[in-house]
There are 2 protein chains.
Amino acid sequence: MAALSCNAYALGLSHRRPAGSSPRRMVVVRAEAINPDIRKTEEKVVDSVVVTDLAKPLTAYCRCWRSATFPLCDGSHVKHNKATGDNVGPLLLKKQ
Amino acid sequence: MAALSCNAYALGLSHRRPAGSSPRRMVVVRAEAINPDIRKTEEKVVDSVVVTDLAKPLTAYCRCWRSATFPLCDGSHVKHNKATGDNVGPLLLKKQ
Ligand code: FES
Ligand code: FES
């Protein structure tokens, strides 16, 4: 048995049209959460960096929501991109 | 007519098992891209900020991949969170 969970990633809605009406409309909505796990008790995950506090010349911050060291990047975007065909990566903060 | 695109977000695979074998295994993979549109010709979207170049006391950087001003946040995470039940938000860079 194969179980397939279908998410409403792309959901087209249209209706039987009365004669003479305009063609069916297709409404596409994207309804997929991108953060499955991180700090889900928070209504909105916002992080702040006081840039004068940065210790290293370069610090990578996660934008893929898969890092075990979020908000820092731990390289997990590589696995995510491979698994999904995605192309996401971090934001690099540079001291100069 | 309704069109529903099902993505392999949660895909369980198992097989008819021979008598006496162990129970079916369920393999769950997360295989959903989180960036549908931004700079898809780039293999990996990485952005750099030289923090000494920041003009404003506070600058918000997008982590939801829905901003029209990416890599900056334009508030689109609000719409994404409402549509999906997600809880993502920006990274705030503060000069102090
Ligand atoms: S681990 Fe998320 S962007 Fe690198
Ligand atoms: S628009 Fe993407 S985090 Fe705000």
Side-chain angles (χ1 to χ4, degrees), chain A residues 1-16 24 26 29-36 38-54 58 60-66 71 77-78 80-81 83-96, chain B residues 1-16 24 26 29-36 38-54 58 60-66 71 77-78 80-81 83-96:
Chain A
M1 185 193 77
L4 179 63
S5 167
C6 297
N7 294 279
Y9 183 71
L11 177 62
L13 299 172
S14 60
H15 304 279
R16 194 180 295 269
R24 291 186 185 99
M26 179 69 83
V29 295
R30 188 173 303 283
E32 188 70 42
I34 68 172
N35 171 28
I38 293 170
R39 292 153 52 186
K40 296 306 284 189
T41 58
E42 299 178 28
E43 189 178 343
K44 181 162 58 177
V45 178
V46 178
D47 296 283
S48 292
V49 178
V50 177
V51 295
T52 49
D53 292 346
L54 288 168
L58 189 153
Y61 280 82
C62 179
R63 302 189 293 189
C64 78
W65 301 90
R66 301 293 179 274
H77 58 268
V78 175
H80 164 80
N81 287 340
T84 65
D86 210 351
N87 68 336
V88 298
L91 180 70
L92 305 179
L93 302 193
K94 298 180 174 177
K95 288 179 90 168
Q96 59 177 326
Chain B
M1 186 192 77
L4 178 62
S5 167
C6 297
N7 293 278
Y9 183 70
L11 177 62
L13 298 173
S14 59
H15 304 281
R16 192 181 297 269
R24 290 186 186 98
M26 179 69 82
V29 295
R30 187 174 303 284
E32 187 70 43
I34 69 172
N35 171 28
I38 292 170
R39 292 153 51 187
K40 297 306 283 189
T41 57
E42 299 179 26
E43 189 179 342
K44 180 162 59 177
V45 178
V46 178
D47 296 283
S48 293
V49 178
V50 177
V51 296
T52 49
D53 291 348
L54 289 168
L58 190 152
Y61 280 83
C62 179
R63 301 190 294 189
C64 78
W65 300 90
R66 300 294 179 274
H77 58 268
V78 174
H80 164 79
N81 286 341
T84 64
D86 210 350
N87 68 335
V88 299
L91 181 70
L92 304 179
L93 302 192
K94 298 181 175 178
K95 287 179 91 169
Q96 60 177 323

What option among B/H77, B/E42, B/K94 has the most heavy-atom pairs under 4.5 Å with chain A? B/K94

Is the count of non-hydrogen atoms from other residues, nucleotides or ligands lying under 6.0 Å from A/E43 atom CD greater than 12? no

Between B/I34, B/N35, B/T84, which is the residue that forms a side chain to side chain contact (heavy atoms under 4.5 Å, CB included) with A/I34? B/I34

Carboxylate-amine/guanidinium contact B/D86 A/K44, below 4.0 Å: no

OG (A/S48) and CG (B/L91) are apart, to the nearest 0.5 Å, by 7.5 Å

For each of A/K95, A/Q96, A/R39, tally heavy-atom pairs with chain B at distances under 4.5 Å, and name the one with the top tally. A/K95

Heavy-atom pairs under 4.5 Å with chain A - which of B/C64, B/C62, B/P90 has more of them than the others? B/P90

If you count heavy-atom pairs under 4.5 Å with chain B, which of A/T52, A/I38, A/L92 comes out on top? A/L92

So which of A/D47, A/L58, A/V50 has the biggest tally of heavy-atom pairs under 4.5 Å with chain B? A/D47

Considering all heavy atoms of both residues, which atom of A/R63 and which atom of B/P71 are nearest to each other, and what is their separation? NH1-CB, 3.8 Å

side-chain contact (heavy atoms from CB on, under 4.5 Å) between A/V88 and B/V45, intermediate numbers included: CA-CA 5 Å; A/V88 298; B/V45 178; 5.9 Å; no

If you compare all heavy atoms of A/E32 against all heavy atoms of B/H80, which two are closest, and at what distance to 0.1 Å? O-CE1, 3.2 Å

